[in-house]
Structures are given as structure tokens and as C-alpha cells.
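What follows is a short report on a single structure.
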Amino acid sequence: MKTLEFIVPCYNEEAVLNIFYDTVSPILNSLDGIKASFIFVDDGSRDNTVNIIRQLAERDKTVKYISFSRNFGKESAMLAGLKMSTADYVGIIDADLQHSPELIPEMVKSVNEEGYDIAAARRTDRKGEAKLKSAFARGFYKLINRISDANIEEGAQDYRVMTRKVVNAIISMPEYNRFSKGIFSWVGFKTKWFEHENRERAAGKTKWSFWKLFAYAVDGIIGFSTAPLKISLFCGIVTSLVGFIYALYTIVKTLCFGPDVDGYPSLVCSVLIIGGLILISMGVVGEYVSRVYLEVKNRPNYIIDETNILPENIDNQSNSGNK
Ligand code: UDP
Ligand code: MG
């Protein structure tokens, strides 16, 4: 009998958690020849989420849970779940039922019977999402696929079922700045894609503001590409070339026609442009340096406050950090 664990990252999900459990649990129990269970990861929720999870664990003895000491973000919650998992197959699903649970049997079948290593979901449309957010997301996928070595499917979600070897590969990536969409695609393996429609949250509201998504996109680009550094190098080369050509032109002009004292506006413009370019390049370098700084500090990705998984597992998982 194969085992399957579904990781559910939860941050302030009191409104939806019971509905989620009542909907998904029968689906997991109906899987043929597979013993399935949940790992709930409470990402430092400030509402009643952790109490609801405790109650679920009381009722259903197969439920494992981890509760963080504060909000560490969905990336950390998924990592904690993956590290705590022991099953042959591991899935990840959002708590808000936006990830169609009726896909689970098909997804499990493709890893269990059809020889795939990953069954992952991709949404086909962005209905019910703000226009600006959709346009921004589409632009982001185009850009990151052009400049990075990870090929990220547009609309790819964290909703997936993976075999143990994929999970081990993901855990073995030691970075502190985790951009899962990139990591999932970077590790490779045979993937089967499942398309499904975007749907409204069953209850509660989204935890992602526009700026949080923007920061996430920057993380993805910096984490999987060095193109921004090359772009600033390129801009530097182009502007200094223009400067040299202009200097040559001025020397020749002065020799032929004598000096002129005009040129105040062009001076101001070039100072502003060059100054701006220098600051932008420094900012780009700074983004990389700050990430190097965070990596070198080697802090753990999360701190566990409470869990019903054996304590010896916790010590060597969270406190050893990410290395
Ligand atoms: N989530 C989390 N930590 C966070 C933000 C979100 O664990 O800091 C969880 C959240 O509880 C949900 C999933 O990640 O299960 C997706 O979040 P959400 O539905 O808010 O994002 P959206 O679907 O709007 O992209
Ligand atoms: Mg959601």
C-alpha cells in the first residue's frame, strides 16, 4: 500500500478550513490502494486557524500539523511540509479550495500508475482577477522565461502531487530565498499538466496584495537569473561609449572652431542621466548582495512553535536551518 500526504499551507484560514477538510477528506479516502493524509502547516495565523487544526487532528488521527511562531510566508510553509513528509507521494494544495480537489484522483493516478514524477496544475484563465494583476502576471512569465534557466509554465500553480525523489530533490536545494515556481521547474522530472479553471475562494480573502506579488516576482527574477546585472553592465558600456564619442567630437570641434561656453542644459541632462544609471545599477547589485547576505547568515526558514509530529524530527529539521 502506497502512502500520500497532502501539505496544506494555512494563513488566517479559519473561515474555510472546515469546509476544506469536509470536501477534500472524502476524496483522499476514496483513492484506490493509497493511504492518504494531511499535513497542515499553520503559517503563524493570527485568527482561530491553529485551534481548528488542533480539532481536526483530534478527530482524525492521521492529521499531522506544524504551527509556526510567526508568519514566515507560503514558501516556508511548503518547505516545512515537504521536510516533515515521509510518504511515497506528496501533494501541495491551498486551503481555500481554489485548487479543484476533484483533480486529485487523476493526479495521483498519473504518478502512481502512469510513470510520471510530477502531476501539476495549471490554470487556464484568470477570470475574476483584476486586469492589471493579470497583465502584470503575463508579462512576468514572458520575462522570466526569457532571462532565466528555469522554464516556468504560464499559470503553473503550487498545486501538485510529487514522488519522493522529486521531494528529496526540492529539499536538497539549500537556498534561503525560495521561489518555488522556479525550484519546481528547475529540478526537472517528467511532469503531467492538468488544466483547470480559476475559481473564487470558498471563503476568506486573498493574502496577496499587489506589492507582495511584485516583491515575489522580483525574488523570482533575482533568484533564477543574473540578466539584470548584465543589463546594467550593458547600459554602462553604452553610456560611456556615447560619452567618449561626445568627448572626441568636442575636442575636434574646439580645435577647429575654438572653445564655446554653451552647453549648460546638455551638462545637466547628462549628469542626471548618468547619475540615474549609476544609482539603478547600484540598486540592482544591491538586490543580489542583499540576497547573498541573507544566504550567508544561514537562518532557518521557519521556527516551529507547536506540532504533533515527533520532537526528534523537529530538532534536526527546522533548527538546522536550510543547509
Ligand atoms: N498562505 C500562507 N502564508 C502566507 C500567505 C498565504 O501559508 O503568508 C497560504 C494561504 O493560507 C493559502 C495559500 O497560501 O492556503 C494561498 O494563499 P491565497 O489564497 O491567499 O493566495 P491566492 O490564491 O490569492 O494567490
Ligand atoms: Mg487562493
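For this chain, numbers begin at 1 and follow the sequence in order. Below, each value reflects all heavy atoms present in this structure, side chains not excepted, and no hydrogens, waters or symmetry copies. All ligand and atom numbering here is 1-based and tracks the order in the structure. Every value quoted in this text rests on a predicted model; they were computed, and no experiment measured them.
The shortest non-hydrogen separation linking D94 to F20 is O-CE1, 3.3 Å. A pairwise comparison of heavy atoms in S37 and L28 identifies O-CD1, 4.2 Å as the closest pair. Heavy atoms only, all atoms of each residue included: H196 and Q98 are closest at CE1-O, 3.6 Å. The two residues A95 and E13 come nearest to each other via the heavy atoms CB-CG, 4.0 Å.
Other residues, nucleotides and ligands contribute at most 12 non-hydrogen atoms within 6.0 Å of the CG atom of D32.
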Expected list for residues 272-285: side-chain donor-acceptor pairs under 3.5 angstrom, two or more places apart:
from: S281; atom 1: OG; to: L277; atom 2: O; distance (Å): 2.8

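Scanning E13, Q98, K74, H99 for the heavy atom closest to atom 14 (O) of ligand 1 points to K74.
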Inset, instruction - Could you give me the CA-CA distance, side-chain angles and deciding distance for D219 and R291, then say whether side chain to side chain contact (heavy atoms under 4.5 Å, CB included) is met? - result: CA-CA 9 Å; D219 269 345; R291 277 159 181 79; 2.5 Å; yes
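The single protein non-hydrogen atom nearest to atom 20 (O) of ligand 1 is K207 N, 2.7 Å, given as residue, atom name and distance. The protein heavy atom nearest to atom 25 (O) of ligand 1 is W208 CD1, 3.6 Å. If you check which protein heavy atom lies closest to atom 1 (N) of ligand 1, you get Y11 CB, 3.8 Å. Protein heavy atom at the shortest distance from atom 16 (C) of ligand 1 is D94 OD2, 3.1 Å. The single protein non-hydrogen atom nearest to atom 24 (O) of ligand 1 is T206 OG1, 2.5 Å, given as residue, atom name and distance. Taking atom 19 (O) of ligand 1 as the reference point, the nearest protein heavy-atom neighbour is D96 OD2, 2.6 Å. Scanning the protein for heavy atoms near atom 18 (P) of ligand 1, the closest one is R201 NH2, 3.4 Å.
Interface of G73 with ligand 1, defined as ligand atoms under 4.0 Å from a residue heavy atom, comprises 3 (N), 8 (O). Near A95, with a cut-off below 4.0 Å to any heavy atom, the atoms of ligand 1 are 15 (O). In summary, the atoms of ligand 1 found under 4.0 Å from a heavy atom of D43, numbered by their order in the structure, are 2 (C), 3 (N), 4 (C), 7 (O), 8 (O). When each atom of ligand 1 is checked for a heavy atom of P9 under 4.0 Å away, the hits are 7 (O), 9 (C), 10 (C), 11 (O), 12 (C), 15 (O). Heavy-atom contacts of C10 reach the following atoms of ligand 1: 7 (O), 11 (O) (cutoff under 4.0 Å).
In this structure, N29 contributes its side chain and S25 its backbone to a donor-acceptor pair below 3.5 Å. Here the side chain of R122 pairs no donor or acceptor atom with the backbone of E154 at under 3.5 angstrom.
The proximity of N12 to ligand 1, defined as any non-hydrogen pair under 4.0 Å, does not occur for either the backbone or the side chain.
Side-chain rings of Y216 and F179 approach one another, their centers coming within less than 6.0 Å.
Using a 3.5 Å distance cut-off with no hydrogens or angles, the side chains of D42 and Y65 do not pair a donor with an acceptor. Donor-acceptor pairing under 3.5 Å is lacking for the side chains of R70 and Y302.
Take a cut-off of 2.8 Å around the Mg ion (ligand 2): the protein N, O or S atoms inside it are D96 OD2, Q98 OE1.
A cation-pi arrangement is absent between R178 and Y176, since the terminal nitrogen or guanidinium carbon is not both under 6.0 Å from the aromatic centre and inside a 45° cone about the axis.
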